[in-house]
Amino acid sequence: MNNKEIKKKYLLKVKELITHNKAYYDKSDPLISDKEYDQLKIEIIDLENKYNFLKNKKSPSVNVGYKPSKSFEKFSHKVPMLSLSNAFYKDDLINFEKKIFNYLNKRIKIEYSVEPKIDGVSASLTYKNKRLIFGASRGDGNTGELITENLKTIKDIPIKIKNSDFPDDIEIRGEVFIKKKDFLKINDLFANARNAASGSLRQKDPNETKKIPLNFIAYTFGYIKNNSHKNQSDFLLNLKRWGFKVNKNNKILSDIDELLKYHEKFERKRFNLEYDVDGLVYKVNDLKLQNRLGFTSNAPRWAIAHKFSADNAETRILNIDIQVGRTGALTPVAKVSPVNIGGVVVSNATLHNEEEIIRKDIRIGDIVKIERAGDVIPHVIKVDKDKRNKDSKKFIFPTNCPSCGSETVKEYNEITKKYDAVRRCTNESYGCEKIAIEKIKHFISKEALNIEGFGKKVVEKFWELSLIRKPQDVFALNYNYISNLDGWGELSINNLKNSIENSKIISLQRFIYSLGIRHIGIENAKIISDNIKSISNFIKIIDTNNFEKFLNIDGIGVTQIKSLKNFFSNKLNVATVNELNTILKIESSNFNKNGILKNKTFMFTGKLNGISRAEAKSLIEKNSGSTISSVNKSLDFLVIGDKPTKKKVDQAKNFGIKIITLIELEKLLYKAN
Ligand code: IVH
């Protein structure tokens, strides 16, 4: 080998290492075992030792330990660190405001704090008595990693605050990022600036963190003891006075047209900024309003991220694959000639469903325009029919499942009175290999069992080796067998055992979600869990097939009931729940345990003045009450607004249920607070 070839071989290995860093940091889904990773690093360092000319400042031998330690202490966020919903078009913004108006039950002029959305990683800083005592990463939003010492190395983060008006107990949040010019110096080690920031922040040794120049911009608080701020913008001004960096481009704007104008201007300007920005964040400026609006399960109702326009590129469709999802849905995916879109190499694009293919007349061999917006999966926006090969044929969508060969159907939707656009495999449950694998992936996923180190690739591997067939098999792995597999050393097996063991204590809500029942997502699992409280109640309902009981729960409708019945009509699923119940410790829902409205149920009829049903419902829930959707014996209060339904009032009278007005409800709540 001559020097050129040696260098090529070396760079290939470095590139591979970077790919693995990326898989590990970004996706928490390592492609190789720890052992293989270490081996790769050793090979790189060996090459450098052998050929001196390969040595360089950026080499992994200098920057030891790119792979972060798994041994950071956990940090439980007092207030969850949620994400933001995305908007791309004007309609999304109109919709965002409309939801706010609906929730508040009136149209008002809303003032927004407009802030650039820096593409870095968020961090949480807890100050007590004017001193930084904890610094943590976001983690899964509820639990992060304690990285105080690493954060302290960032010069923008004050360790001690002098101002007399700095709150005694406050948690400040912001973005850790690396400037574009600094990233250029290390860009062969990380895929992008965001990864570099995240990787550096999670180094075990703070001296390693110090090596990469990180920055911090503050933008919100998790909580403040005795908060006296009226607006988000006042808080930002104070942050600056207290010595934090805040964004110079923050603005206060008022209506959607103004937001759009600023967005357009800023989008052009963003290339001249020192750091990567992927959009603007609009936050309702009034903190009281923010408080009223609250959160959905994963994002605030009072803020939205308006992303910059998507990047697109032209490429050719090489093939169309049909993927089978957890719920049996057949999703066509275009395999395309790899193309770089905004810094990411894209080789797959979703085609959504059969109808989309027919509507756009998408064919194998076509030249198409592909769009990639934010984290959304790339999709085909247009076919260039002029460039189409004359003898190309229409794509015929399969009518049988490509995984198990079963018949597929498009379901009829009773509510919309239309057939579904999506075709589904009818082979329920674990009969279809692809569905079964996807179900297990869902079971171990972050929002469900959250088993660290048990990524999707591992599920596929273990399935291939017949080590797992059902979710419960995760708890009876043959470790002897696994230890003989390539890449599974003692350390990685112990890690896996530990994380599986740790996942055994689980909330009822997560457990219900983990089963992967169609139409029972995180939000519905939460509603059900808050209502039935314990796993034994859940099993009782399954055993008596009494899912109609859930019809009483606000938010659960016939679609969910039908899906639950269908799921549990399969004895395998019933057995899975029972078996899992003996393996796991499923914790009862302790949602709002001891509020003043404890065990009290409410129902509304008529128009409520000055408050939306959604807000009234959440006020009741905040005080441990619950709302139901029909008048029956279990109802305690019927709350009447304008023009109540006579039938409901009569029924309530018959049952001797208390009938109260909105003002009386407010009095009850007032007593509560
Ligand atoms: S507010 C629940 N403000 O965007 C409120 N976030 O998708 C969320 N981000 O994890 C935080 N700039 O990493 C907020 N000015 C800004 C932001 C910002 C960037 C990031 C942050 C967060 C993510 C949410």
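Order of listing sets the numbers, starting from 1, for every ligand and every atom in it. Being a predicted model, the structure only gives us computed values, none of them experimental.
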Main-chain N/O of E371 paired to N312 side chain as donor or acceptor, under 3.5 Å: no

Side chain, backbone, both or neither: the part of P116 lying under 4.0 Å from ligand 1 by heavy atom: backbone

For atom 4 (O) of ligand 1, closest protein heavy-atom neighbour: K117 CE, 3.2 Å

Numbered atoms of ligand 1 (with element) below 4.0 Å of I118, judged on heavy atoms: 12 (N), 19 (C)

N or O contact, E175 vs ligand 1, cut-off under 3.5 Å: yes

Protein contact of atom 15 (N) of ligand 1 - nearest heavy atom, named by residue and atom, plus distance: E115 OE1, 2.8 Å

Main-chain N/O of F443 paired to S514 side chain as donor or acceptor, under 3.5 Å: no

Atom 21 (C) of ligand 1: the protein heavy-atom neighbour that sits closest, reported with distance to 0.1 Å: Y219 OH, 3.0 Å

Salt bridge (charged side-chain N to carboxylate O under 4.0 Å, His left out) pairs, two or more places apart, involving residues 229-241: D165-R241

Value rounded to 0.5 Å, distance of CG in L151 from CD1 in I157: 4.5 Å

Exam field: side chain R326 to backbone H442, donor-acceptor pair closer than 3.5 Å: no

Separation between CG of N247 and CD1 of I217, rounded to the nearest 0.5 Å: 4.5 Å

Ligand 1 versus L84: contacting region, heavy-atom distance under 4.0 Å: both

Any N or O of W302 closer than 3.5 Å to N or O of ligand 1: no

Contact (N/O only, under 3.5 Å) between K283 and ligand 1: yes

Atom 10 (O) of ligand 1 - nearest protein heavy atom and its distance: S122 OG, 3.6 Å

Candidate with minimal heavy-atom separation from atom 2 (C) of ligand 1, of G174, P300, S113: P300

Proximity flag A303 to ligand 1, non-hydrogen atoms under 4.0 Å: no

Over 12 non-hydrogen atoms of neighbours within 6.0 angstrom of NZ in K99: no

Under 3.5 Å: donor-acceptor pair, side chain of E175, backbone of A123: no

